[in-house]
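Here is the structure we will look at.
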Number of protein chains: 2
Amino acid sequence: MSPAGRPRIFDMEAVLEAAMLLFWEQGYEATSLAQLRETTGLSSASLYGAFGSKEGLFEKAVEHYIAGPGSVTDVVADEAESPREAIARLLHGSIDMQTDTSHPRGCLVALSGTTRAPGAGEAGARKVVAARRAADRARIRACVVRGVTSGELAEDTDVDGVTSMIHGFLLGISTQVCDGMSARHLHAAADAVLANWDTRGR
Amino acid sequence: MSPAGRPRIFDMEAVLEAAMLLFWEQGYEATSLAQLRETTGLSSASLYGAFGSKEGLFEKAVEHYIAGPGSVTDVVADEAESPREAIARLLHGSIDMQTDTSHPRGCLVALSGTTRAPGAGEAGARKVVAARRAADRARIRACVVRGVTSGELAEDTDVDGVTSMIHGFLLGISTQVCDGMSARHLHAAADAVLANWDTRGR
DNA sequence: TCAATATCGGATCGTTCGATCCGTAAATGG
DNA sequence: CCATTTACGGATCGAACGATCCGATATTGA
């Protein structure tokens, strides 16, 4: 049954999409409520009524991102793929997404990791993206473990080391893309990472 | 000869060190003039008289960083080292520096790359760090080229691809360190990157 | 039909932002 | 010795910040 009171007019999906794009483009702190009001077309009252705070809106926008463009990293959890193929799709897919000119460059999750003011204000905003990064890392690590058990990687492979290499490169893609690095070179770099994978086989 | 007028009282080095640490810890945008005044002990008048603006102070603080902790990446330009050794020192040295608990985590240059508000205000602040990243990349690339000409790397090596792999991993270290990744795993990851280098030899 | 509930636009809150101004102090060069 | 120049502490600027309040509107359940 519908909740009591006046139903909301605005399109939640459209608002989250607009807010996501703005946060993606500018980062959390550099994005003001005035800009969010303009891009969403909503008033402060509507924004605060629906999301509680700027942080609350950011969290929902990040979830929208993770379910949308950010979902490219989900392939790494697909156990139907060989571990190597899963990593390959993760890296090449992320590069394609982040260099797609139909939306801001880079990865919202990776780029939001830098702002770390001590104030309690932004702690929540950091948490959401940090949690996603931890999840990505865990899935990459699981993939590496699969590679060892399947024999793709040597038994004495340093699992956390290889994981950090792959995840580190993945995180570094965002900065490179923002600096104007071409997709072509990044795809070649991803191949270099994968070549490493291959030569660790037995 | 000394310039006319009242000489400045404060210790420029100490002020730049304090400002650098604060920007390093919090990022450019999250750091306020009030905080800078407190940590430097200077008044607004002194700050603006000496640096012109918050951006001006940031630029000087970044230069101070590059000449200090950030100088660990300079080893990659040392042509007395073999290309592989230069890259090894670059990566392991950066990891040691960024995980050193005597100062903020990560790399100021890498972490300041994410904030990209469209306002003209922060453009100058971004420029300084972006220029340093471009310089780092150029020096890594020169190292890779040296590796090809010296025969350490195969002749058909994709120079820009390998460069992007190394630089991408280097940039990703900062985020990983800020997320709490241990130096041990990162060193292992650097070894994995270098193992790639080795297997590309002939 | 009406009390209760919730959203809306828009005005406005107190705070903090980066930056400037002012009166005073300390050095220079003539 | 004095005019000039620069640096200092501290008060203060207008603008923008995130957040709240208010009157009007629209929907529900009784």
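Sequence lines set the chain letters: A, B, ... in the order given, protein chains first and strands last, and positions in each chain run from 1. All values derive from a computational prediction rather than experimental measurement.
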Original post:
Under 30°, 30 to 60°, or over 60°: which ring-plane class applies to B:Tyr28 and B:Phe23, parallel, tilted or perpendicular?
Top reply: parallel
Original post:
Is the B:Trp24 ring parallel, tilted or perpendicular to the B:His103 ring (thresholds 30°, 60°)?
Top reply: parallel
Do the side chains of [Y] and [X] get nearer than 4.5 Å, heavy atoms only?
| X | Y | value |
| --- | --- | --- |
| A:Ser164 | A:Arg137 | yes |
| A:Val159 | A:Thr163 | yes |
| A:Glu25 | A:Leu21 | no |

Subject >> Residues in side-chain contact (heavy atoms from CB on, under 4.5 Å) contact with B:Arg139, at least two apart in sequence or another chain >> reply: B:Thr73, B:Asp74, B:Val76, B:Ala77, B:Arg132, B:Asp136
**OP:** Can you measure from CG (B:Leu33) to CD (B:Glu38) and round to the nearest 0.5 angstrom?
**Re:** 13.0 Å
**OP:** Find the distance between NE2 (B:His64) and CG (B:Leu108) and round it off to the nearest 0.5 Å.
**Re:** 11.0 Å
Write down the distance between [atom1] ([X]) and [atom2] ([N]), rounded to a whole number of angstrom.
| X | N | atom1 | atom2 | result |
| --- | --- | --- | --- | --- |
| B:Phe51 | C:dA19 | CZ | P | 14 Å |
| A:Leu36 | D:dC17 | CG | P | 10 Å |
| A:Leu57 | D:dA19 | CG | C1' | 14 Å |
| A:Phe58 | D:dC17 | CZ | P | 18 Å |
| B:Leu42 | D:dA7 | CG | P | 12 Å |
| A:Leu47 | C:dA6 | CG | C1' | 16 Å |

Subject >> Partners meeting side chain to side chain donor-acceptor pair (under 3.5 Å) with B:Glu59 (sequence neighbours left out) >> reply: none
Subject >> Angle of first-five versus last-five pair axes in the helix from C:dT1-D:dA30 to C:dG30-D:dC1, to 10 degrees >> reply: 10°
Original post:
Got a sec, which pairs hit ring-ring contact (aromatic ring centres under 6.0 Å, His included) with one end in residues 165-188 of chain A, sequence neighbours left out?
Top reply: A:His92-A:His187
**OP:** Compare side-chain N and O positions of B:Ser46 against OP1 and OP2 of D:dA7 and report whether any pair is under 4.0 Å apart.
**Re:** no
Between the protein and nucleotides 23-27 of chain D, list every N/O to N/O distance that falls short of 3.5 Å.
unit_1	atom_1	unit_2	atom_2	d
D:dT25	O2	A:Arg6	NH1	3.0

Original post:
With a 3.5 Å cut-off and no angle check, do the side chains of A:Arg37 and A:Ser44 form a donor-acceptor pair?
Top reply: yes
Got a list of protein N/O to nucleotides 15-18 of chain C N/O distances below 3.5 Å?
unit_1	atom_1	unit_2	atom_2	d
C:dC17	OP1	B:Ser32	OG	3.3
C:dG18	OP1	B:Thr31	O	3.2
C:dG18	OP1	B:Lys54	NZ	2.7
C:dG18	OP2	B:Leu33	N	2.6

